[in-house]
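Some notes on the structure that comes next.
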Amino acid sequence: MEKINQSKNEQTKKIFMIVTEESGATIGTLLMQKLKKEFNGNVEFYGIGDDKMCQEGLKRSYSSKELSYMGVVEIVRHVTKIVDIFANTEQNICDIKPDVVIAIDSQDFALRLFQRIRDVETIKCQYVAPSVWAWRQNRAKNLKGLVDYLFTLFPFENKFFEKHGIQTFCVGHNIIENDFLFSSDESHSNNSSRTNDSNHHEQEHVQEDQESQTSSKIITLLPGSRISEVRRHLPIIANTLKLLYKKFPDIRCYMPITDTTRKYIEGHMNTFKTIPKPTLVYDDQAKYELFKKSDLAIAASGTVALELGISQTPSIIIYKVNCLTAFIVKHMIKVPYVCLVNILMNKNIYPELLQQNASPKKIAEMATDLLCDKVKFDKMKDDLERFKNYMLSGNRDMSPTEKAAKIIAKAVFDKNSSTEEV
């Protein structure tokens, strides 16, 4: 697509963004950067997002952290707060009168909001489609008449929405825009590590360990990107490590954390009690270097599984939710896996230990099996090589967020041109 001629379109555009979790905020930040280019900087951003989006210029009404809840019980517990945020967000859109409203992920919140602002004169976009191929397929038709543009991450998703007349574009997964993830270890080693000053010593320790101690096993621990996930998984991981230290006394453990989970994890390191505490990793670049050098990761299911898969990191995927949530999901889900790597390859590449199976004993046994059985370990690495090639196959000249930004900008330009003609 050619860049849009701005001569007839110099008025500052207003874009309202809705992002309720970290993975969506990553897309949001990239998309904001691309939209600035498309509108030659004549754009203002409003809405819900994280700190990185604020650094890009988002005039934030609420933080993503305030809506980062997962599961039926967690949502019910915070329903009053969610309702207040919803009502205020609706009012903000009516007051601001944005040219575009973009919801990134956040499907349930966004669907209800789009229903309420159906008559507001704005272009409505949903970036990241509901996983209707996995469960609740009725959500596909529910979007009809509510969104003008739907951006999907994987080509196979489009058919579920196009049959309902929804204008759908597969832009690809933004994971292929992660320079750190795809950079070679050599190029990484030439870059300075961006760490939190108070933890600089720990970050140096991570790099020194990985370079000088090659005999012991490196395990990466990823309890989740939401506080509710970390709260459930951290004790399980701590008890798993207690068992693993008996088998592998020299293992070295690291735990990457995010802005969302940092305060909680730092305040609950005593969960590890008498066993050596994992080293916390604060920096994205160091995190991806760690993935590539880890012998094993124990990770809560989520977008991080894609990152681990592309890094070709042998992993065990765990997940535990409230019993009521688990019961409801079990009777609605349509796919045999929960991990995106397994779903996309239609193969059990990463072992999944869910609910009662996500016990310290079973996780430790699975970890021991992978670390000690070279045949299984090498088989997983081979499968991950194929997965990486699959993800890269859709990486063309234009990045996912650049493609989405061009479509959005053209829609705004076309709408303004139609208005001027009238």
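Note that the numbering runs from 1 along the sequence shown for the chain. Hydrogens, waters and symmetry mates play no part in the numbers below; they use all other heavy atoms, side chains included.
- For Asp295 (side chain) and Ile218 (main-chain N/O), a donor-acceptor pair under 3.5 Å exists by modelled atom type.
- A salt bridge links Lys361 with Glu365: the closest approach of a Lys/Arg side-chain nitrogen to an acidic carboxylate oxygen falls below 4.0 angstrom.
- Between Phe109 and Phe86, the ring planes lie perpendicular to each other; the angle is over 60°, past the 30° to 60° tilted range.
- In this structure Ala110 satisfies the side chain to side chain contact (heavy atoms under 4.5 Å, CB included) test together with Ala103, Phe114, Gln126, sequence neighbours excluded.
- Contacts classified as salt bridge (Lys or Arg N to Asp or Glu O under 4.0 Å) and involving residues 142-160 (residues at least two apart or in different chains) are not found.
- Among Glu385, Lys381, Lys292, the one residue that satisfies the side-chain hydrogen bond (donor to acceptor under 3.5 Å, both in side chains) test with Gln312 is Glu385.
- Salt-bridge check for Glu56 with Lys36: passed, with a basic side-chain N closer than 4.0 Å to an acidic carboxylate O.
- Counting only residues at least two apart or on different chains, no salt bridge (Lys or Arg N to Asp or Glu O under 4.0 Å) pair has a member in residues 163-174.
- Every residue two or more places apart in sequence or in another chain that forms a side chain to side chain contact (heavy atoms under 4.5 Å, CB included) with Cys253 is listed here: Ile219, Leu221, Leu241, Tyr245, Ile251, Pro278.
- Remark: Arg116 CZ is loosely packed, at most 12 non-hydrogen atoms of other residues, nucleotides or ligands lying under 6.0 Å away.
- Here the straight-line distance linking atom CD1 of Ile317 with atom CG of Leu353 works out to 9.5 Å at 0.5 Å rounding.
- To the nearest 0.5 Å, atoms CG (Asp259) and NZ (Lys52) are separated by 6.5 Å.
- In summary, Arg386 and Asp383 engage in a salt bridge, as defined by a charged side-chain N under 4.0 Å from a carboxylate O.
- Tyr337 OH to Asn346 CG: the interatomic distance, rounded to the nearest 0.5 Å, is 5.5 Å.
- Considering only residues two or more places apart in sequence or on other chains, Thr258 meets the side chain to side chain contact (heavy atoms under 4.5 Å, CB included) condition with Glu22, Thr260, Thr261.
- Contact check for Lys217 versus Leu371: side-chain heavy atoms found under the 4.5 Å cut-off.
- Formation of a donor-acceptor pair under 3.5 Å by the Lys320 side chain with backbone atoms of Ile318 is not found in this model.
- With Ser106 contributing its side chain and Ile104 its backbone, the two residues share a donor-acceptor pair below 3.5 Å.
- The salt bridge (Lys or Arg N to Asp or Glu O under 4.0 Å) analysis of residues 120-130, with sequence neighbours excluded, yields no pairs.
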